[in-house]
*Asks:* 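Below is a structure I'd like to ask you about.
Throughout, protein chains are lettered first and strands after them, A, B, ... in sequence-line order, and every chain is numbered starting at 1. Here the structure is a predicted model, which means the values were calculated and not measured. Note that these values count all heavy atoms, side chains included, but never hydrogens, waters or copies made by symmetry.
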Number of protein chains: 2
Amino acid sequence: MPPTTSPAIEDYLKTVYAHTEWQPDPITPKALADKLGVAPSSVTEMVKKMAAQGLVAHVPYGPLRLTDAGRERALAVVRRHRLIETWLVAEMGYGWDEVHDEAEVLEHTVSDRLLEAIDVRLGRPARDPHGDAIPSASGDVASEPFVLLSEAPAAHVGRVIRISDRDPAVLRELERRGIRPGVEIEVTDVESERVTLQASGEAGALTRETAAAIWVTA
Amino acid sequence: MPPTTSPAIEDYLKTVYAHTEWQPDPITPKALADKLGVAPSSVTEMVKKMAAQGLVAHVPYGPLRLTDAGRERALAVVRRHRLIETWLVAEMGYGWDEVHDEAEVLEHTVSDRLLEAIDVRLGRPARDPHGDAIPSASGDVASEPFVLLSEAPAAHVGRVIRISDRDPAVLRELERRGIRPGVEIEVTDVESERVTLQASGEAGALTRETAAAIWVTA
DNA sequence: CAGCAGGTTTCGGTGCGCCGAAATATTGCT
DNA sequence: AGCAATATTTCGGCGCACCGAAACCTGCTG
């Protein structure tokens with residue numbers, strides 16, 4: 001178990017971790033392959049390596065779980081990603097819908113020292129522009145009770161905590177509608193594929209899929 | 001000749017280009033291998049690929065020259081490297097002897113957009129902290145007549161233009177002696193392996209090798 | 001409870017960038 | 001000119017991360 005955490009393995013760890021933030025049950029190889037845009041056979045192989053390094057626990061034909069060591073590495077990568085995103089928005093003139101790809105690359109190449117300098121410049125922020133918690137250097141993550149907007153009952157009132165940054169188009173759409181971290185939302189109606197709501201004084205509706213990208217306070 | 005310029009090829013291009021800044025004659029495969037810390041056989045192979053992409057001109061068993069296309073790519077990489085170095089020093093609290101390795105990595109991963117943002121923030125600087133000219137986005141490079149301090153005759157008086165950033169220890173050494181870009185230097189004596197000089201009012205001596213890392217105005 | 005549709009793994013294979021050893025070319029020296 | 005030192009290339013091979021095809025499990029359905 002040498003500290004040979006390649007960029008590829010970092011991506012795997014990050015993706016497994018990200019899954020646990022949105023879904024309670026462990027991720028399957030197929031889901032991982034889809035999110036990474038990689039063939040299932042590649043996942044099998046890579047997971048074998050990661051298991052050998054003690055980063056994931058995996059029983060053949062079963063799902064996938066991070067070990068403590070794996071979670072620690074994953075959190076370090078997530079920290080990098082989110083700090084870089086925050087920096088791009090705060091200092092480099094990026095919009096919150098434009099930072100994901102750049103951070104995706106830089107998270108693997110920024111040194112610890114540079115990351116620390118960024119963290120200090122930004123005043124050690126706790127959340128990134130999408131509301132995602134930024135793990136501390138020691139691996140602590142701020143957490144707060146939440147519900148997915150797609151799961152919230154009618155009449156639920158909450159503040160937007162975070163919005164998934166996976167789809168820039170969704171971010172632009174939500175921005176246009178005044179939905180961003182910190183905003184109050186009231187769910188007015190829940191249908192099978194639509195959630196109707198009131199945000200920033202404006203009424204509107206979201207598809208269930210879009211609503212699943214949003215955390216609101218419980 | 002697809003635009004498949006990998007990080008490895010970028011390093012080769014940059015190194016070949018850097019050589020031409022310090023030496024008039026074209027670089028040999030051996031020298032390139034040494035500077036890159038790579039086996040000679042790797043250079044042969046990589047050069048073949050680069051020649052196939054029209055980036056270098058190479059006759060078997062002969063030296064190595066950049067084509068116009070190769071120079072263009074090399075300048076783009078050099079621009080990245082030097083802008084990043086400048087940024088690290090200007091904004092992120094790095095010393096001029098500490099930026100090389102970080103820039104070495106980031107030059108391959110920073111997007112054009114982010115680079116442009118950095119350039120703008122810094123006010124489109126013309127030289128980096130070591131005095132190296134930063135090529136413009138269109139590939140123009142500022143130049144000024146110079147002599148290597150190792151080649152300067154006794155009694156020569158000039159201003160330090162640039163100092164090679166290859167060896168951090170040399171940079172610290174020079175900094176300690178007050179030798180940095182912009183400083184006036186008078187060569188007081190030239191021996192075979194030593195150059196004696198006066199800089200910032202202080203007398204001192206440098207090995208020929210160290211002096212070969214310094215450009216002064218002609 | 002047999003069969004089938006899925007997901008998962010195995011297997012052979014690819015491109016990239018690297019290596020060392022061996023073959024070959026060039027150069028400099030006597 | 002001849003030879004030895006040195007540079008360059010060729011060759012087989014390696015590790016990484018990926019692929020597709022085929023074999024193999026598992027769980028669900030009929």
*Asks:* Check the distance between D/dT9's C1' and B/K48's NZ and give it to me in whole angstrom.
*Replies:*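 Whole-Å distance recorded here is 7 Å.
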
*Asks:* Within the sub-3.5 Å range, which N or O atoms of nucleotides 15-17 of chain D have a protein N or O partner, and how far apart are they?
*Replies:*
from	atom 1	to	atom 2	distance (Å)
D/dA17	OP1	A/S6	OG	2.5
D/dA17	OP2	A/K49	NZ	3.3

*Asks:* More than 12 non-hydrogen atoms from neighbouring residues, nucleotides or ligands closer than 6.0 Å to CZ on A/R166, yes or no?
*Replies:*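 Atom CZ in A/R166 is not crowded, with 12 or fewer foreign heavy atoms closer than 6.0 Å.
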
*Asks:* Could you list the donor-acceptor pairs under 3.5 angstrom formed by side chains in residues 130-142 of chain B, with sequence neighbours left out?
*Replies:*
from	atom 1	to	atom 2	distance (Å)
B/H130	ND1	B/E85	OE1	3.2
B/H130	NE2	B/W96	O	2.8
B/D132	OD1	B/R162	NE	2.7
B/D132	OD1	B/R162	NH2	2.9
B/S136	OG	B/S138	N	3.3
B/S136	OG	B/S138	OG	3.0
B/S136	OG	B/G139	N	3.3
B/S136	OG	B/D140	N	3.1
B/S138	OG	B/D140	OD2	3.3

*Asks:* Could you tell me the separation between the NE2 atom of B/H58 and the P atom of D/dA7, rounded to a whole number of Å?
*Replies:* 14 Å

*Asks:* Taking OH from A/Y61 and C1' from D/dT26, how many angstroms apart are they, rounded to a whole number?
*Replies:*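 A/Y61 atom OH is separated from D/dT26 atom C1' by 9 Å.
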
*Asks:* Please identify the 5'-most and 3'-most nucleotides of DNA chain C with any atom under 4.0 angstrom from a heavy atom of chain B.
*Replies:* C/dC16 to C/dT26

*Asks:* Are the charged groups of B/D112 and B/R80 less than 4.0 angstrom apart, N to O?
*Replies:* yes

*Asks:* Do A/L83 and A/R79 come close enough that some side-chain heavy atom pair is under 4.5 Å?
*Replies:*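 Yes, their side chains come closer than 4.5 Å.
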
*Asks:* To check you understand the geometry: which heavy-atom pair defines the closest contact between A/E10 and A/T5, and what is its length?
*Replies:*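 Closest pair (atom of A/E10, atom of A/T5, distance): OE2-O, 3.6 Å.
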
*Asks:* Residues of residues 13-37 of chain A with any non-hydrogen atom less than 4.0 angstrom from an atom of DNA chain C: list those, numerically ordered, please.
*Replies:*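 Here the set is A/T28, A/P29, A/K30.
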
*Asks:* Tell me, yes or no, whether the heavy-atom count around A/E144 atom CD, taken from other residues, nucleotides or ligands under 6.0 Å, exceeds 12.
*Replies:* yes

*Asks:* Are B/I118 and B/T86 close enough that some pair of their side-chain heavy atoms sits under 4.5 Å apart?
*Replies:*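 Answer no - side chains too far apart.
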
*Asks:* What are the two closest heavy atoms between A/Y17 and A/A74, and how far apart are they?
*Replies:*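 Where A/Y17 meets A/A74 most closely, the heavy atoms are CB-CB, 3.8 Å.
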
*Asks:* I'd like to check the side chain to side chain contact (heavy atoms under 4.5 Å, CB included) partners of A/D11; sequence neighbours left out, ordered by chain and number.
*Replies:*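 Per chain and number, A/D11 pairs via side chain to side chain contact (heavy atoms under 4.5 Å, CB included) with A/K14, A/L36, A/E104, A/E107, A/H108.
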
*Asks:* My understanding is that only residues two or more places apart in sequence, or in another chain, count here; which of them pass side chain to side chain contact (heavy atoms under 4.5 Å, CB included) with A/P26?
*Replies:*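 Per chain and number, A/P26 pairs via side chain to side chain contact (heavy atoms under 4.5 Å, CB included) with A/P63, A/R65.
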
